[in-house]
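See below for the structure under consideration.
Numbers here are sequence positions counted from 1. When reading the values below, keep in mind they use all heavy atoms of this one structure, side chains included, and skip hydrogens, waters and symmetry mates.
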Amino acid sequence: MRCSKIVCSVSLCLLALAASLVSAAAQQPATEKRIALVIGNGAYAKGALATAANDAGLIAQTLQAAGFDVVGARDLDGDTLRKSFRDFIHKAQSSDGNTVAMVYLAGYGMQLAGENYFIPVDANIASDVDIPTEGLRLSDYIRQLAATPLKAGVVVLDAARQQPFIASGPTLAGGLALVEPDNNMLIAFNAAPGTIAPNETGSYGVYARSLAEMIRTGGLSLPEVFDRLRLRVNEETKGAQVPWDAQKIQAAVTFFERGPDAPAAQASPEQTAALRTRPIRDLPVQEAYVAALERDTLQGYEDFVAAYPSDPLARRVRAILAARREALTWRRTFRTDSPEAYWSYLKRYPNGAHAEDARRRLAMLSALPAPPPTFAMIEYDVPPPPLDEVVYIERPALMFSDPEFGFVPPPPPPVYILPPPPPDFVDLAPPFASVGVFFLPRPVFVPIPVYCRPPAFVAPPPNNIIYQNIHNTAVINTVINRPPPTPPTAPPATGPAAAGPAAATTPAVALAPALPPAAVQRATLIQQGKAPLPGAGAGPGAGLGAGAGPGGHGPVPNSTQSGVAGTPPTLPGRPGPVAPAANALPMPGQGAPAIPPAGNGGHVRTPLLAAPAPGPTQAARPAGGSPPPQSPASGLQASRTPPGAAAAPVTPVTPPPAMSRPVRPNAGPRAPEVRPQLQQAAPPRRAPPPPAAAARLSQPPAPPRPPTAPMVRAAPVHVAPPPMIRPAGPPPMMRPPGPPPMARPAPPPPMARPSPPPMAAMARPPSPPPMMRPAAPPPRPAAPPAAGKRCPPNVPHC
């Protein structure tokens with residue numbers, strides 16, 4: 001009996017222990033998987049961004065420390081960008097329902113007709129019709145991500161900037177369009193809808209640096225991260241930038257947990273809750289502004305203007321309110337998508353930021369571009385804008401830093417709402433230069449505070465050195481923050497044998513996020529010479545090989561970064577070399593190959609299509625002599641001018657007497673001893689020879705003859721005798737004006753005409769005595785035998 005009682009009590013104890021274990025297991029959260037896609041595009045042909053790639057590298061490294069399996073790349077073209085998004089969506093779909101997926105995009109974003117587009121680095125946008133075809137429509141991928149059963153999806157667009165692509169034509173709305181997130185989704189912009197962020201200076205952008213700071217802060221939920229992010233960015237930019245986010249996430253997501261050994265908060269929870277829940281009219285003006293900015297709702301901004309209408313901060317709040325009101329009105333209009341809806345928008349905002357978008361849609365719907373006198377207006381959820389907001393909404397791109405507005409700087413937020421940033425994040429060191437095409441720059445890792453650690457239920461990402469050593473300063477200083485290997489000094493190999501994606505196995509790149517599979521395939525094609533380098537042919541900043549900003553750790557030659565030899569190193573934020581455009585002809589002295597010497601063993605062959613004018617560099621040279629130095633006015637250099645370019649003026653130089661004999665372009669490899677014989681036989685038709693040759697090529701009158709010429713040509717009727725006057729030929733050969741008539745030579749056939757006379761002259765005299773033929777003229781006066789004729793009868797003289 002006693003044994004049965006003992007057995008029964010032991011069984012009850014075991015059942016109670018099993019029940020407690022089951023309840024504890026039920027309370028313990030399931031393993032959470034974290035994945036992320038990070039893209040930084042900065043090497044645009046128009047308006048290169050100095051910090052986009054660095055910002056992406058900073059966010060990727062911070063997410064690695066938080067336990068994310070990060071895939072990242074920089075400067076992606078359109079095809080590679082779309083494939084990378086597709087692969088990430090497939091990766092999210094293959095995960096379980098306890099997965100947190102995050103997307104961060106840094107670069108240029110544009111809105112058109114209510115849709116947001118992310119612009120690849122190779123986009124060719126000249127007008128509004130190019131945006132849908134060249135850009136990446138984000139709603140397509142966000143919708144697919146929202147349809148995936150995830151614990152949470154986060155999409156951050158650090159892309160609301162002044163677009164440099166379209167400078168004329170119909171007005172385009174600036175910044176990004178307001179969107180509504182789906183369930184379990186959070187969407188964030190670096191600037192409020194319809195506004196743009198100012199240009200970034202430094203190694204990192206304000207938004208990316210502040211986002212990394214808030215992620216590293218332990219104990220913050222996902223909404224609190226972006227609420228504090230808005231306050232920090234607005235504080236550091238003096239009100240010039242107001243981030244925005246909207247979320248519908250029900251699950252609790254925390255990047256880092258705050259341990260029990262963490263420092264105590266500077267304010268009590270009651271004090272913080274009072275600022276967030278009390279009516280704005282019951283708060284002091286500075287705290288009321290912070291409360292309205294943290295809540296970031298239309299009602300909160302309206303309450304501030306109603307409570308403090310004459311305060312200097314009210315003007316700034318009115319501008320924020322005007323941008324939000326117009327964005328909400330356009331969102332309601334675009335979702336209705338009817339002629340009445342677009343006429344209703346134009347009735348409220350005839351010169352609004354989206355007025356041209358409304359007219360485009362009306363043209364597509366075959367409706368009148370202007371509102372008719374009577375139509376059924378749609379009802380909006382927001383009231384129409386007051387008159388004091390018109391000055392803000394009539395600008396296509398609203399900037400809160402516009403000096404025309406004269407806004408006063410906003411007050412700093414209270415310390416109990418937003419503590420000061422950590423000293424390590426006040427001025428971050430520039431990143432290391434990336435080693436390999438598409439790889440993100442690698443920032444200098446700042447250790448995570450020891451009291452902050454990822455949640456225990458987060459599944460460790462594979463091969464993540466940063467996640468395993470977020471507090472280990474020894475590993476951080478000796479491994480993680482080790483500079484990348486020095487590139488080889490020898491010229492890199494080219495072609496298929498060149499170092500390609502295998503560079504990812506180097507220790508420096510192993511610390512960076514893995515490349516998307518599409519980027520790896522693209523890099524292989526680039527290093528095989530089958531695809532161009534992203535950003536090639538762009539202006540300053542194009543094809544950036546290094547990720548370091550100003551003051552970086554030193555450039556890495558692009559031969560190791562891109563696999564393409566001969567590309568000079570550049571750094572984001574610094575003007576890089578301008579790459580020559582594709583199929584462009586190099587100009588002499590501007591990267592063109594060296595001009596070949598004037599002669600090659602005493603023989604010069606010039607192109608027939610561009611025969612150079614004879615100059616001092618084309619004078620006759622002794623056989624075997626060295627070629628003369630090339631003159632800047634050389635005819636060979638002038639012949640290298642590309643077609644269509646204006647020829648440079650050639651300054652004539654008087655040749656020395658020793659170089660007075662010209663070289664004919666079609667002289668060929670004739671021996672020097674034959675040339676005098678040809679020159680003596682050349683003038684048989686007319687003397688002197690050079691004017692005769694010039695008269696045969698071009699018809700201007702012959703130059704004045706020497707004094708001996710009139711004495712020789714006493715008989716103008718006869719043409720044949722002049723070949724007998726050969727002694728007078730050499731003097732004209734010494735005349736300096738000989739080369740100028742050769743400045744306009746005809747094609748080679750006219751120059752071959754003098755060849756028959758030498759053959760006739762050589763065939764006519766059988767022996768050298770023909771040289772004595774000049775003695776024949778004396779008998780000519782006695783030649784007239786007509787004087788001996790008999791005169792007619794009765795005529796003494798006839």
Side-chain angles (χ1 to χ4, degrees), residues 36 38 40 49-66 102-107 109 154-161 175-176 186-192 195-247 254-256 290 293-296 320 400-401 409-415 417-431 441 443-446 448-449 452 549:
V38 179
L49 298 176
T51 65
N54 297 353
D55 295 342
L58 178 63
I59 298 302
Q61 186 186 72
T62 306
L63 294 178
Q64 281 182 301
M102 183 169 179
V103 177
Y104 174 86
L105 303 177
V154 181
V155 178
V156 180
L157 303 180
D158 191 356
R161 297 179 172 90
L176 300 173
L186 183 148
I187 300 177
F189 299 164
N190 65 321
T195 67
I196 58 176
N199 296 330
E200 300 286 0
T201 58
S203 301
Y204 300 97
V206 176
Y207 185 82
R209 188 176 69 250
S210 302
L211 177 58
E213 173 195 346
M214 298 309 160
I215 291 176
R216 295 161 58 95
T217 302
L220 297 181
S221 63
L222 202 57
E224 290 175 339
V225 166
F226 287 92
D227 288 342
R228 287 198 178 190
L229 169 64
R230 188 181 313 106
L231 296 177
R232 177 70 76 206
V233 172
N234 189 74
E235 176 191 11
E236 292 199 8
T237 61
K238 307 301 181 183
Q241 187 173 349
V242 180
W244 172 88
D245 69 276
Q247 58 92 22
T254 305
F255 290 102
F256 287 93
V290 174
L293 195 64
E294 186 188 32
R295 300 174 189 180
D296 195 36
I320 300 175
F400 297 127
S401 59
V415 177
I417 290 292
L418 183 66
D424 297 333
F425 262 73
V426 173
D427 187 14
L428 287 176
V444 177
F445 183 70
V446 178
I448 303 295
C452 295

Next item on the list: Nearest 0.5 Å please: distance from the CG atom of L220 over to the CG atom of D227.
Entry: 10.0 Å
Margin query: A side-chain contact here means heavy atoms from C-beta on lying under 4.5 Å apart; do Q241 and E236 qualify?
Written below: no
Margin query: If you apply the rule side-chain contact (heavy atoms from CB on, under 4.5 Å), what do you find for V242 with L293, and how did you get there?
Written below: CA-CA 8 Å; V242 180; L293 195 64; 3.8 Å; yes
Note to self: For F400 versus A240, what's the shortest heavy-atom pair and its separation?
What the structure shows: CB-O, 3.7 Å
Next item on the list: Supply the atom-to-atom distance L428 CG to L58 CG, rounded to the nearest 0.5 angstrom.
Entry: 6.0 Å
Margin query: Under a 4.0 Å threshold between the charged nitrogen and the carboxylate oxygen, would R228 count as salt-bridged to E294?
Written below: no
Item checked: Expected output: side-chain T195 to main-chain A192 donor-acceptor under 3.5 Å -> yes
Note to self: Taking salt bridge (Lys or Arg N to Asp or Glu O under 4.0 Å) as the definition, give me every residue that meets it alongside R232, ordered by chain and number, with sequence neighbours left out.
What the structure shows: E213, E235
Checklist line | Close side-chain approach of P414 to V290, heavy-atom, < 4.5 Å | finding: yes
Checklist line | CG on N234 to CG on L418, rounded to 0.5 Å | finding: 10.5 Å
Check: What distance separates D55 CG from L105 CG, expressed to the nearest 0.5 Å?
Finding: 12.5 Å
Check: Hey, does the side chain of R161 reach the backbone of G107 with a donor-acceptor pair shorter than 3.5 angstrom?
Finding: yes
Notebook entry, point to check: Which atoms form the tightest heavy-atom contact between S401 and P198, and what is the distance?
Noted result: OG-CB, 4.4 Å
Note to self: What's the separation between atom CD1 in I215 and atom CG in L63, rounded to the nearest 0.5 Å?
What the structure shows: 5.0 Å
Check: Going by heavy atoms in the side chains, are L229 and Y207 under 4.5 Å from each other?
Finding: yes
Next item on the list: Could you tell me whether the side chain of N190 and the main chain of A160 form a donor-acceptor pair under 3.5 Å?
Entry: yes
Next item on the list: Check salt bridge (Lys or Arg N to Asp or Glu O under 4.0 Å) between D296 and all other residues, then give those that pass, not counting sequence neighbours.
Entry: R230, R324
Notebook entry, point to check: Between the main-chain N or O of S221 and the side-chain N or O of E224, is there a donor-acceptor pair closer than 3.5 Å?
Noted result: yes
Check: Is there a side-chain contact between L186 and V155 (heavy atoms, below 4.5 Å)?
Finding: no
Check: Which distance, rounded to the nearest 0.5 Å, do you find between the OG1 of T62 and the CG of L211?
Finding: 7.5 Å
Item checked: Summary of ring pair (Phe, Tyr, Trp, His ring centres under 6.0 Å) pairs that have at least one residue in residues 226-247, sequence neighbours excluded -> F189-W244
Checklist line | Contact summary for A65 and F445, nearest pair of heavy atoms | finding: CB-CE1, 4.1 Å
Item checked: F256 vs I448 side-chain heavy atoms within contact, under 4.5 Å -> yes
Checklist line | Other residues, nucleotides, ligands: >12 heavy atoms within 6.0 Å of N199 CG | finding: no
Next item on the list: Determine the minimum heavy-atom distance between V415 and P420, stating which atoms define it.
Entry: CG1-CD, 4.2 Å
Checklist line | Over all atoms of both residues, closest heavy-atom pair of V444 and P430 | finding: CG2-O, 3.8 Å
Next item on the list: Report the C-alpha distance between V156 and V154 in whole Å, list the side-chain angles of each, state the deciding distance to 0.1 Å, and finish with yes or no for side-chain contact (heavy atoms from CB on, under 4.5 Å).
Entry: CA-CA 7 Å; V156 180; V154 181; 3.9 Å; yes
Check: When you measure from the side chain of N54 to the backbone N and O of S203, does any donor-acceptor pair fall under 3.5 Å?
Finding: yes
Next item on the list: Using the side-chain contact (heavy atoms from CB on, under 4.5 Å) rule, take F255 and L222 through it: C-alpha gap first, then chi angles, then the decisive distance, then the call.
Entry: CA-CA 8 Å; F255 290 102; L222 202 57; 3.5 Å; yes
